Amino acid sequence: MDASVVPASPSPNADDHHSKTPLAYLSLAALGIIYGDLGTSPLYTLQDCFFGTHGVAVNQTNILGILSMVFWSLIFVVSIKYAIFVLRADNKGEGGTFSLLAMLRSRLKNNKRRWAILTILTASGASLLYGDGVITPAISVLSAIEGINMATDAAAHFVVPLTCLVLGSLFFMQRYGTAVIGRVFGPVMAVWFGTLGVLGLLAIIKQPEVLAALNPVHVITYFAANGLHGTVSLASVVLCITGCEALYADMGHFGYLPIRLSWYLVVLPGLVLNYFGQGAYLLAHQDITGINPFYTLAPTKSLLYPLVILATVSTVIASQAMISGVYSLTQQAVQLGFMPRMRIVHTSEKVKGQIYIPTVNWMVMIACLTLVLVFESSSRLAAAYGFAVTASMTITSILYFQVTRIKWNWPLWQSLLLLLLFLLFDSSFLTANMFKVVDGGWITICIATAILTSMITWRDGRALLAKHYELMRLPTDVFLKDLAKYSPQRTSGTAVFMSIHPKGIPHTLLHHLKHNEALHERVLLFSILSAETPTIDDRDRVQLERLGQGFYRIMVHYGFMESPSIPKALELLALQGMAIDIYTTSFFLGRETLLSTGTSPMATWRKHLFVFMARNAWNATSFFKLPPDRVVELGNQVEL
């Protein structure tokens, strides 16, 4: 590609906020937060390839073919697609599908159809990641604890209860935050990847002919020998790259350089050595059946239990990273208007990204435990795994193509060529996973469909509400002219009226004036606006406009990875010469009673869903961190 049209690196500011932290520390931390899912995939990938629902025979052709596909998937999808290309698409240092969408918002203001399509694609990708977030903890912990079966058959009845105990404890610990346990994530995962590499290397030394799988010709030989069954097995091979979306989604925590270094220097070597070590064992024991190839690498039976413990701890870390990712995704969805307000608890005063969302936590826990109890083994659960991952990867490729065309102005042929290369792998894996739908993949589809329907319904319902209030809104100049003419009584103090739109006079103020025939001497029209960037500097957060007659319009901007706080916004106003005592200020909020009896084009069942979500949304007083005894709610009925 022509270097003049391809950005050499992410934006100059992408890693500025990490510059004071040592690179080695960031790289070590990235091991624990980002690579947990990818790093624990050796526990179940080859097991599912050979002994799963659609497993192939254990023979030399199949072993070398599967290993070759695993190796080249790690190289092309993770090392090239994500580590080299996708990490370039940063939004002020942040990544993820919502970041990609936000990068395109300003460029597609006048192309509503294209924007609508990309919005639905992004919401679909986010919904699929929720499905992945449910399955990942279940299959990871279950596959780790299954290792005790290799030591004794008597332990088989304890696998499921122990898995439920570990998962339950993990979810119950979320309320306390991850600050303490997070400090050991990196070192533990460093030990894990070192163990993967050493175990694999010892097996390779005994069976060096396994290295022939580095030749991609074995992939062709494999498909020639297995035909359609070989295509179906791609759905198992893709398990080796589950978690690669985390490289991009968590880029804001570390920056692109630590992520790349930890991948190329630690994670990739450890994974490749371990996969080839498992393949070496299978080459030497082609008559073996129904075992987990990973645990066969333990040199002695006495080391099996320590390996199970290390694997369990590593899968807990992988699960924690996924759970934290679901929290972050939910926060972004709330800020961008795809989900109703939820209670978001910040578990650390120093680290903004450490949050806890009780509603999401308990729902994901119930779903995880249900999957473990229903499927009972990692091999059966693997049938449900993979569809969400491959669909998310495909959506990322399409959004990345849009960024290269719209944001970076690449020539069409260059953007299209890269997209086709990405889709060569993405579409192959996605097609193969279609065969797993009846075996359990339908669970992911159901979860994603339910969440996507809720997201789009909430977005469309909010649009209907905004349109309703826009019709009710009075132009600011007309209101101020009437105010000067009729001069209603003004009382001492400050009143804050929340306004959805930063234009006109909100209906809550008109409602208040109609019934009380009086106004405070100082009135703030307060609007919370979502920005296209993940975070906003405090210097740019608050905009103050003096309207006259004691009226002020306040516009407060929050990034899609931030939680709004009106008290902090009022503190920032003091820097602009407007000191406000929050405990002597009255806050007026609108409270709608929604009815599904209107004539809007939205389907009736979607109206009922929107009404249900609105009634169960977290109350605005707590969400905006207002003192409850200073809030006045003004109600009205709205027909959708």
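What you see is a predicted model; the values in this text were computed from it and never measured.
By the 6.0 Å contact criterion, CG on N110 is open, its count of non-hydrogen atoms from other residues, nucleotides or ligands being 12 or less. More than 12 heavy atoms of other residues, nucleotides or ligands sit less than 6.0 Å from atom NZ of K625. Around atom CZ of F401, more than 12 heavy atoms belonging to other residues, nucleotides or ligands sit under 6.0 Å away. The number of heavy-atom neighbours closer than 6.0 Å to CZ of R462, taken from other residues, nucleotides and ligands shown, is 12 or below.
In this structure, M602 and L464 have side chains that are in contact, with non-hydrogen atoms separated by less than 4.5 Å. Annotation: side chain of F422 is in contact with side chain of F85 (closest heavy-atom distance under 4.5 Å).
Ring pair W408/W410 is tilted by interplanar angle, where 30° to 60° counts as tilted.
A cation-pi geometry, defined here as NZ or CZ lying under 6.0 Å from the six-membered ring centre and within 45° of its normal, holds between R541 and Y558.
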Expected list for residues 447-454: side-chain donor-acceptor pairs under 3.5 angstrom, two or more places apart:
from	atom 1	to	atom 2	distance (Å)
T449	OG1	I445	O	2.6
T453	OG1	T449	O	2.7
S454	OG	A450	O	2.9

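Side-chain contact of H468 with E639: a donor-acceptor pair under 3.5 Å is absent, judged by distance alone.
Aromatic ring centres of W362 and F171 lie farther apart than the 6.0 Å criterion allows. Proximity of the aromatic rings of F588 and F497 is defined here by a centroid distance below 6.0 angstrom, and this criterion is met. F338 and F98 have their aromatic ring centers within a separation under 6.0 angstrom.
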